[in-house]
Amino acid sequence: MDEIQIQGTSVPALGLGTWQLTGPACTETVETALEMGYRHIDTAQAYGNERQVGLGIEAAAVDREDVFLTTKLDGSNRDERSVRRSTRESLNKLGTDYLDLLLIHWPNTPWMASLSETLGSMNDLVEEGLVRHIGVSNFSPALLDEARDISSAPVFTDQVQYHPYWDQRKLLDYCRIHDVLLTAYSPLARGGVLDDPALVQIGNKYRKSPAQVALRWLLEQDGVAAIPKASSREHLEANLAVFDFELTDAEMEQIRDPSKVKTGVQFVRSQLPF
């Protein structure tokens, strides 16, 4: 599987998102994914499945050191005490003594702790060795810039919704300049790409599905990782099968057709993004 080099660290370009995966099915999916070759697993305190994700990692015949594991702070866990307490709880649930990446799930609101307090507490966790990297999620370029100014530890990633219908070029340009990973969640627009005429046409050329073309489009962009959710072996396998073909420059631009972006934004904003 392709890897991305960010701040001297290798990150698998394709990971498994676990939003809405719960119970034994979540554990089985994580175990299956790891045994198939996935090495990048993403969860969050808000998903309520950290324990199941941890059991899946434990069950797989894969060394913990080989897995890039991410979780995210819930909105209620932003002050110094809550950051430390909740992260230790996450570590316990996940069955590990460190996190590869800890994110702020959504930007702090006025009734939460300040961004400085949250990032300061996350920096302390890095110094203690409980967290290897910190990052943010759903931050605009301006907020990401603010976070980078505040944090003593490098901000490793901004995890955002990114797919052919959601233009993130401004953020991606910023991330490339500052050696920050852009991690794309909901890379298939919650199924919105499946009937896209351009993706269907291009997929026919390569004998790939529209979903595979959409993933390949993301992964061919420098500094972009993708974490599609999958719950069946069939979809796990399909998502992995995107490293044996390449899109042309013309196809990359065709997929990014601005006329589709407006439709996509209207489609996606009708759903709660995670």
Carefully, step by step, assess Thr9 and Arg132 under the rule side chain to side chain contact (heavy atoms under 4.5 Å, CB included). CA-CA 10 Å; Thr9 297; Arg132 292 188 172 175; over 6 Å; no

When you look at Asp196 and Tyr165, which way does the side-chain hydrogen bond (donor to acceptor under 3.5 Å, both in side chains) test go after all the steps? CA-CA 10 Å; Asp196 185 291; Tyr165 309 140; 2.7 Å; yes

Test Leu219 against Asp2 for side chain to side chain contact (heavy atoms under 4.5 Å, CB included), laying out the working first. CA-CA 9 Å; Leu219 298 178; Asp2 288 359; over 6 Å; no

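Note: Gln201 CD to Leu199 CG = 10.0 Å, rounded to the nearest 0.5 Å. Here the NZ-CD distance, from Lys72 to Gln159, works out to 4.5 Å after rounding to the nearest 0.5 Å. One finds the CD1 atom of Ile150 at 11.0 Å from the OG atom of Ser152 (value rounded to the nearest 0.5 Å). Summarising the geometry, atom OG1 belonging to Thr43 is positioned 10.5 Å from atom CG belonging to Leu99; distances are rounded to the nearest 0.5 Å. Interatomic distance, CD of Glu89 versus OG1 of Thr71, reported as 11.5 Å (0.5 Å rounding). Tyr162 contributes atom OH, which lies 14.5 Å from atom OH of Tyr185 (distance to the nearest 0.5 angstrom).
The salt bridge (Lys or Arg N to Asp or Glu O under 4.0 Å) analysis of residues 115-131, with sequence neighbours excluded, yields the pairs Arg84-Glu128, Arg88-Glu128. A salt bridge (Lys or Arg N to Asp or Glu O under 4.0 Å) check over residues 204-221, counting only residues at least two apart or in different chains, returns the pairs Lys205-Glu251, Lys208-Asp244, Arg216-Glu220. Within the structure, salt bridge (Lys or Arg N to Asp or Glu O under 4.0 Å) pairs that include any residue of residues 9-26 do not occur (at least two apart or interchain).
Taking both residues in full, the closest heavy atoms of Pro187 and His163 are given as O-CB, 3.2 Å, listed atom of the first, atom of the second, then distance. Contact record, Leu102 with Met122: O-CE, 3.2 Å, taken as the closest heavy-atom pair. Contact record, Glu3 with Ser10: OE1-CB, 3.0 Å, taken as the closest heavy-atom pair. The minimum heavy-atom distance linking Val126 with Ile134 is given by the pair CG2-CG2, 3.6 Å. Of all heavy-atom pairs between Gln254 and Ala198, the closest is NE2-CB, 3.8 Å. Considering every non-hydrogen atom in both Ala61 and Glu35, the closest pair reads N-OE2, 4.2 Å.
In terms of hydrophobic clustering, with Ile, Leu, Val, Met, Phe, Trp and Tyr side chains grouped at heavy-atom distances under 4.5 Å, Met36 and Leu55 are assigned to different clusters. Val67 and Leu14 fall within the same hydrophobic cluster, defined by Ile, Leu, Val, Met, Phe, Trp and Tyr side-chain heavy atoms under 4.5 Å apart, directly or through other members. Hydrophobic clustering keeps Val200 apart from Leu215 (ILVMFWY residues linked when any side-chain heavy atoms are closer than 4.5 Å, directly or through intermediates). Using a 4.5 Å cut-off between side-chain heavy atoms of Ile, Leu, Val, Met, Phe, Trp and Tyr, with links allowed through other members, Leu69 and Tyr98 fall into different hydrophobic clusters. In terms of hydrophobic clustering, with Ile, Leu, Val, Met, Phe, Trp and Tyr side chains grouped at heavy-atom distances under 4.5 Å, Leu21 and Leu94 are assigned to different clusters.
The hydrophobic cluster containing Val11 also includes Ile4, Ile6, Phe68, Leu101, Leu103, Phe156, Leu181, under a criterion of side-chain heavy atoms closer than 4.5 Å among ILVMFWY residues, counted directly or through chains of members. Using a 4.5 Å cut-off between side-chain heavy atoms of Ile, Leu, Val, Met, Phe, Trp and Tyr, Met112 falls into a hydrophobic cluster with Trp111.
A donor-acceptor contact closer than 3.5 angstrom links the side chains of Glu50 and Ser90. At a cut-off of 3.5 Å, with distance as the only test, no side-chain donor of Asn108 or Ser114 sits close to an acceptor on the other residue.
Using a 4.5 Å cut-off on side-chain heavy atoms (C-beta onward), Arg64 and Asp100 make contact. Between Ile104 and Leu115, some side-chain heavy-atom pair lies under the 4.5 Å cut-off. Cys175 has its side chain out of reach of Val224: every pair of non-hydrogen atoms, C-beta onward, lies at least 4.5 Å apart. Residues Thr118 and Val83 form a side-chain contact, since some pair of their non-hydrogen atoms from C-beta on lies under 4.5 Å apart. In this structure, the side chains of Thr18 and Gln52 stay at 4.5 Å or more apart for every pair of heavy atoms. Between Arg39 and Val62 there is a side-chain heavy-atom pair separated by less than 4.5 Å. Residues Asp74 and Ser86 are not in side-chain contact: their nearest non-hydrogen atoms beyond the backbone lie 4.5 Å or more apart. Side-chain contact check for Ile41 versus Leu34: some heavy-atom pair is nearer than 4.5 Å.
Distance alone, capped at 3.5 Å, places no donor-acceptor pair between the Ser151 side chain and the Ala147 backbone. Using a distance-only test at 3.5 Å, with no hydrogens or angles considered, no donor-acceptor pair links the side chain of Tyr206 to the main chain of Leu247. No donor-acceptor pair under 3.5 Å is formed between the side chain of Asp63 and the backbone N or O of Asp66. A distance-only check finds a donor-acceptor pair linking the side chain of Gln221 to the backbone of Trp217 [under 3.5 Å].
Evaluated for a side-chain contact (heavy atoms from CB on, under 4.5 Å) with Asp158, the options Leu171, Leu143, Leu182, Asn138 yield exactly one hit, Leu171.
Ring geometry for Tyr47 against His105 counts as perpendicular: the plane angle is over 60°, on a 0 to 90° scale with 30° as the lower cut. Taking the six-membered ring for Trp and thresholds of 30 and 60 degrees, His178 and Tyr174 have ring planes inclined between 30 and 60 degrees apart.
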For residues 225-233, which side-chain donor-acceptor pairs fall under 3.5 Å, sequence neighbours excluded?
residue: Lys229; atom: NZ; partner: Gln20; partner atom: OE1; Å: 2.9
residue: Ser232; atom: OG; partner: His235; partner atom: N; Å: 3.2
residue: Ser232; atom: OG; partner: His235; partner atom: ND1; Å: 3.4

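For CG of Asp249, the number of neighbouring non-hydrogen atoms (other residues, nucleotides, ligands) closer than 6.0 Å is 12 at most. More than 12 heavy atoms of other residues, nucleotides or ligands lie within 6.0 Å of CZ in Arg85, so this atom counts as buried by the packing criterion.
Using a 4.0 Å cut-off between charged side-chain N and carboxylate O, Asp167 and Arg169 make a salt bridge.
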